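Below you'll find the structure, written out as structure tokens, and then a few comments.
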Amino acid sequence: MSQALSIGRFAPSPSGPLHFGSLLAAVASFLQAKHQGGKWLVRIEDIDPPREVAGASDTILQQLEHHGLLWDDTVIYQSNQLAHYFEILDHLKDQHLIYPCGCTRQRLNTLNGVYDAKCHTLNLSDENTSIRLSVNDSLKTIGLENDTVTFNDGIMGNYFQSLNQDAGDFVLRRRDGLISYQLAVVIDDHLQGITEIVRGADLLDSSPRQILLQQCLGYKTPYYAHIPLAVNNLGQKLSKQHHAKQLPKKNEQEQLWLALKWLQQKPPMELRKSPVEEVIKWGITHWDISKISGNTTEIIAPENLK
Ligand code: GLU
């Protein structure tokens with residue numbers, strides 16, 4: 001019997017150009033799929049216009065190309081998929097799994113990130129409210145008695161989370177009408193047939209919520225692997241907010257080499273000056289995700305080591 005095709009993806013939000021941290025996720029997801037002879041897709045997660053930076057999507061795609069990270073199939077833009085997300089939301093409504101929430105930001109701020117389901121029984125109208133998934137109703141529908149989701153992460157090992165204690169009823173559509181990351185990501189990973197999700201460890205604790213949604217919608221759960229986060233020397237995640245530097249527009253092969261080194265693949269020294277295509281080829285042949293240690297959730301990015 002032939003093995004199913006492995007399909008990986010990189011799903012950047014266009015909130016700025018790629019930095020070393022996002023390159024790690026791109027390289028790791030690419031090599032994980034390509035090493036298995038699979039496909040690698042790119043999806044631009046542009047459903048949060050307030051966080052979007054003009055031109056960032058194009059810049060990200062150019063940066064990927066310059067690093068030899070060439071995607072298969074057409075790039076998907078989430079902003080083109082909105083009708084579909086709303087359809088799925090209606091479906092969840094028909095199943096009585098979601099409800100409108102009118103709680104103010106001030107009230108939510110007092111709850112330490114875990115919503116207490118205050119609006120669950122209030123029957124509020126859909127207008128000027130956010131829409132939340134009821135964790136308990138979902139668990140009942142899929143026939144689970146307890147609220148602990150467990151999965152075996154390819155890098156971090158066994159991971160579990162109590163949905164009630166650690167997540168609570170979470171938002172699928174925001175009060176401003178925007179669809180949440182959690183809903184869009186689950187729908188698109190399913191539509192694109194993604195079998196392997198390799199991404200940064202900052203999203204590890206989102207996975208149980210995504211697995212719950214997959215089960216509510218009858219979708220398959222993909223393989224997950226979360227790579228340690230690149231941080232600066234203050235221990236802050238490399239992000240625009242913490243002024244992570246955009247990847248330099250030169251020596252792309254060196255950035256790739258550094259990414260391989262930081263992903264604990266031990267690339268040979270002489271590869272550091274080889275053309276991009278050769279570094280990529282070496283990576284595809286030698287990729288071994290089990291070399292990445294999940295003992296640490298953080299690694300200092302090279303640009304911060306000086
Ligand atoms: N769009 C998310 C980000 O840029 C990543 C989503 C994912 O990989 O699931 O952080």
Side-chain angles (χ1 to χ4, degrees), residues 7-33 39-53 56-61 63-64 69 71 75-82 85 149 151 153-156 159 161 167 170-172 174 178-214 217 219-231 236-242 244 246-247 263 289 297-298 301:
I7 306 182
R9 50 69 156 181
F10 177 56
S13 306
S15 53
L18 298 183
H19 48 71
F20 188 75
S22 31
L23 181 68
L24 289 180
V27 168
S29 58
F30 176 90
L31 294 178
Q32 175 68 10
K39 278 193 189 188
W40 184 69
L41 310 181
V42 171
R43 177 170 78 232
I44 302 286
E45 302 210 319
D46 56 348
I47 43 165
D48 193 356
R51 286 189 54 223
E52 207 166 305
V53 169
S57 301
D58 289 346
T59 307
I60 290 172
L61 294 177
Q63 288 176 305
L64 292 174
L69 299 167
W71 53 90
V75 173
I76 298 267
Y77 289 80
Q78 288 193 322
S79 55
N80 292 333
Q81 310 262 91
L82 293 178
Y85 305 146
V149 170
F151 71 98
D153 187 90
I155 295 170
M156 298 295 167
Y159 183 80
Q161 189 181 74
F170 54 98
V171 172
L172 300 187
R174 293 172 11 183
L178 297 177
I179 292 289
S180 78
Y181 156 69
Q182 305 293 356
L183 180 63
V185 80
V186 164
I187 295 174
D188 286 334
D189 284 334
H190 169 73
L191 285 180
Q192 294 188 282
I194 303 300
T195 61
E196 324 239 327
I197 295 185
V198 180
R199 60 186 177 190
D202 53 334
L203 292 167
L204 181 62
D205 70 353
S206 282
S207 304
R209 274 170 285 171
Q210 294 174 14
I211 291 172
L212 176 69
L213 264 174
Q214 286 155 4
L217 294 166
Y219 300 165
K220 275 199 190 131
T221 292
Y223 160 92
Y224 285 103
H226 289 84
I227 57 174
L229 279 192
V231 294
Q236 297 161 328
K237 177 194 167 194
L238 285 197
S239 65
K240 247 191 67 213
Q241 194 192 351
H242 294 124
Q246 157 171 10
L247 288 170
L263 292 164
I289 202 162
T297 50
E298 293 178 353

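Just so you know, ligand 1 is whichever comes first in the structure, and atom 1 is the first atom listed for that ligand. The figures that follow rest on heavy atoms only: side chains count, while hydrogens, waters and symmetry mates do not. Everything numeric here is computed off the predicted structure, so don't read it as measured data.
- Of all heavy-atom pairs spanning Gly200 and His226, the tightest one is O-CD2, 3.3 Å.
- Nearest heavy atom pair, residue Leu64 against residue Ala26, reads CD2-CB, 3.9 Å.
- When hydrogens are left out, the protein atom nearest atom 5 (C) of ligand 1 is Ala11 O, 3.3 Å; that is the closest non-hydrogen contact.
- Not a single donor-acceptor pair under 3.5 Å links the side chain of Thr59 to the backbone N or O of Pro17.
- Nearest non-hydrogen protein atom to atom 3 (C) of ligand 1 is Ser13 OG, 3.5 Å.
- Shown in contact with Arg199 at under 4.0 Å from a heavy atom are these atoms of ligand 1, numbered in order with element: 7 (C), 8 (O), 9 (O).
- No donor-acceptor contact under 3.5 angstrom links the side chains of Gln192 and Arg9, judged on distance only.
- The aromatic rings of Phe30 and Trp40 sit perpendicular, their planes meeting at an angle over 60°, well past the 30° parallel limit.
- The ligand atoms of ligand 1 that sit less than 4.0 angstrom from a heavy atom of Glu45 are 1 (N), 2 (C), 5 (C), 6 (C).
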- Is there a side chain to side chain contact (heavy atoms under 4.5 Å, CB included) between Asp48 and Tyr181 once you walk through the steps? CA-CA 9 Å; Asp48 193 356; Tyr181 156 69; over 6 Å; no
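- Taking every non-hydrogen atom of Leu203 and a distance limit under 4.0 Å, the qualifying atoms of ligand 1 come out as 5 (C), 6 (C), 7 (C), 8 (O), 9 (O).
- In terms of heavy atoms, Ile47 sits closest to Ser79 at CG2-N, 4.1 Å.
- Listed by atom number, the atoms of ligand 1 under 4.0 Å from Val185 heavy atoms are 9 (O).
- Note on ligand 1: Tyr181 sits in its first shell, one or more heavy atoms being nearer than 4.0 Å.
- Note: no N/O pair closer than 3.5 Å links Pro12 and ligand 1 by distance alone.
- In this structure, Arg9 has a heavy atom closer than 4.0 Å to ligand 1.
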